Amino acid sequence: MGSLRSVKISFDSLAGVDGSARFSFGDVCSALASVSGPIAARPASEHPARGTVEVHVRPLSSVPGTTEKLLGSAFKGIIESACLLGQHPRTLTQVVVQALSQPSSALVAAEINACSLALVNAGSVPLRGVVCSVVVGLRLDGNETQFILDPEDEKLLDGTFCFALLFGITSGSFQGKIPPSEVVWMSSRTYNGVPISLDTHKLKLATELARKGATEVWLRMRESLGGSPSAFDHEEPMEV
């Protein structure tokens with residue numbers, strides 16, 4: 001149940017980078033991301049068969065800590081799932097993510113979406129698809145389990161799930177305007193001190209609600225680009 005808050009997207013044209021984008025859920029959850037590269041990789045980090053990705057996450061205030069390092073590692077894997085890194089071996093793509101609001105699961109989703117848009121805006125890294133992220137909230141009431149798409153007040157819930165889905169064509173073809181999607185990352189957060197455990201059926205319900213929300217994000221991203229060619233407009237299967 002529930003629906004997405006208003007989605008706001010802008011391309012800030014930051015100096016000294018190849019692409020940048022700002023993504024917001026509503027008025028109080030926003031993130032900015034920039035992309036530089038591919039550039040020549042340092043000998044210690046270069047890979048002979050593919051490019052490498054480096055992600056730096058910055059909090060709203062203070063210096064990056066353990067949380068930002070863990071997010072950077074997660075975002076690296078998510079970005080690598082969307083990029084065709086084999087086309088630029090021995091290179092490095094640097095992504096910088098700046099939080100513009102207080103920490104929350106929704107902020108993590110906004111940061112992932114900002115990364116995707118910055119990559120598309122840069123146009124310098126070949127993509128197999130676009131990653132879109134949303135949060136699904138969990139409320140437990142006795143034996144009832146309720147899922148809420150993009151909850152505004154997460155602390156009133158028992159927990160949250162942050163999903164990242166890759167939209168793209170890896171083989172064959174598809175009907176309609178929206179490409180197929182697959183979950184490439186998910187994290188959970190609890191607010192009552194009890195670990196979240198879902199059976200297969202409930203996890204499927206949460207995933208399908210996330211897919212619905214991520215599809216809305218994908219459509220808003222595509223609209224924000226107007227008629228510009230991008231990873232949203234592949235007519236042929238994308239290389240894996």
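Quick note: residue numbers are just sequence positions, from 1. Side chains are part of it too, since the values below use all heavy atoms of this structure and drop only hydrogens, waters and symmetry mates. Predicted, not measured: the structure shown is a model, and the values here were computed from it.
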pair [X]-[Y]: side-chain heavy atoms closer than 4.5 Å:
| X | Y | result |
| --- | --- | --- |
| Leu107 | Gln102 | no |
| Pro59 | Pro64 | yes |
| Leu225 | Phe11 | yes |
| Ile78 | Cys115 | no |
| Phe147 | Leu205 | yes |

Verdict with supporting geometry, Val125 and His88, side-chain contact (heavy atoms from CB on, under 4.5 Å): CA-CA 8 Å; Val125 182; His88 292 286; 5.8 Å; no
Are [Y] and [X] connected into the same hydrophobic cluster when the rule is that any two of I, L, V, M, F, W, Y join if their side-chain heavy atoms are below 4.5 Å apart?
| X | Y | answer |
| --- | --- | --- |
| Val108 | Val7 | yes |
| Val135 | Leu198 | no |
| Val96 | Leu71 | no |
| Ile39 | Ile79 | no |
| Leu138 | Val136 | yes |

Charged N to carboxylate O below 4.0 Å: is that the case for Arg5 and Asp27? no
So that I can tick it off, tell me whether Lys76 and Glu80 are bridged by a salt bridge, with the cut-off set at under 4.0 angstrom between side-chain N and carboxylate O. yes
Quick check: does any side chain N or O of [X] sit under 3.5 Å from a backbone N or O of [Y], one acting as donor and the other as acceptor?
| X | Y | answer |
| --- | --- | --- |
| Arg128 | Cys83 | yes |
| Glu68 | Gly65 | yes |
| Asn121 | Ala21 | no |
| Thr52 | Thr91 | yes |
| Thr93 | Gly37 | no |

Hey, what's the ring geometry for Phe25 with Phe23, parallel, tilted or perpendicular (30° and 60° as the breaks)?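 Rings of Phe25 and Phe23: perpendicular, as their planes differ by over 60°.
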Look up atom [atom1] in [X] and atom [atom2] in [Y], then write down how far apart they are to the nearest 0.5 Å.
| X | Y | atom1 | atom2 | result |
| --- | --- | --- | --- | --- |
| Ser30 | Asn113 | OG | CG | 11.0 Å |
| Thr190 | Ile196 | OG1 | CD1 | 5.0 Å |
| Leu157 | Gln146 | CG | CD | 9.0 Å |
| Tyr191 | Leu156 | OH | CG | 10.5 Å |
| Leu149 | Glu216 | CG | CD | 6.5 Å |
| Phe161 | Leu203 | CZ | CG | 7.0 Å |

For a quick test of reading the model, state the closest non-hydrogen atom pair linking [X] to [Y] and the distance between them.
| X | Y | result |
| --- | --- | --- |
| Leu166 | Ser81 | CD2-O, 3.6 Å |
| Val17 | Leu14 | CG2-O, 3.4 Å |
| Phe163 | Ser133 | O-OG, 2.7 Å |
| Glu154 | Ala106 | OE2-N, 3.0 Å |
| Val217 | Cys132 | CG1-CB, 4.0 Å |
| Ala41 | Glu46 | CB-CB, 3.7 Å |

Under a 3.5 Å cutoff, is there a donor and acceptor pairing between the side chains of Ser20 and Ser34? no
Working for side chain to side chain donor-acceptor pair (under 3.5 Å), residues Arg211 and Ser181: CA-CA 8 Å; Arg211 194 183 310 278; Ser181 62; 2.8 Å; yes
Go through it in stages, so that I can follow the logic: the residues are Leu4 and Asp150, the test is side-chain contact (heavy atoms from CB on, under 4.5 Å), and I'd like the CA-CA distance, side-chain angles, deciding distance and then a yes or no. CA-CA 6 Å; Leu4 286 183; Asp150 189 28; 3.6 Å; yes
Between Ser101 and Val28, does the side-chain contact (heavy atoms from CB on, under 4.5 Å) criterion hold? Intermediate values first, please. CA-CA 6 Å; Ser101 57; Val28 295; 5.8 Å; no
